[in-house]
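Scroll down for the structure; my scribbles are underneath it.
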Amino acid sequence: MRLHHLLLALLFLVLSAGSGFTQGVRNSLSCGRNKGVCVPIRCPGHMRQIGTCLGAPVKCCRRK
């Protein structure tokens with residue numbers, strides 16, 4: 001029975017820790033927190049896309 005409690009606690013820990021990494025950048029505030037800038041069309045060559053700011057056409061870009 002102790003093993004079940006341990007496995008349940010481990011499963012909860014893994015799922016709760018992973019949930020923070022699955023959330024993407026979706027607005028300009030979270031873009032700025034992730035050291036990015038909002039670009040209207042596409043990211044310049046020295047930057048890569050890390051999310052979106054105000055919908056699909058506005059990209060959140062950060063230096064490579």
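Numbers for residues simply follow the sequence, beginning at 1. If you're wondering where the values come from, they're calculated on a predicted model, not measured in any experiment.
Between Cys43 and Arg48, the shortest heavy-atom contact is SG-C, 4.0 Å.
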- I would like to know whether Val37 and Met47 meet side-chain contact (heavy atoms from CB on, under 4.5 Å); could you show each step before the answer? CA-CA 10 Å; Val37 293; Met47 301 180 104; 3.6 Å; yes
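Under a 4.5 Å side-chain heavy-atom cut-off, the cluster of Ile, Leu, Val, Met, Phe, Trp and Tyr residues that includes Leu29 has no other member.
One distance of note links SG of Cys60 with NZ of Lys35; it measures 13.0 Å at 0.5 Å rounding. A distance of 11.5 Å separates NZ of Lys59 from CG of Leu54, quoted to the nearest 0.5 Å.
Between Cys38 and Cys61 the SG-SG gap reaches or exceeds 2.5 angstrom. For the two cysteine residues Cys31 and Cys53, the thiol sulfurs sit 2.5 Å or further apart.
Proximity of a side-chain donor or acceptor of Arg62 to a complementary backbone N or O of Asn34 within less than 3.5 Å is detected.
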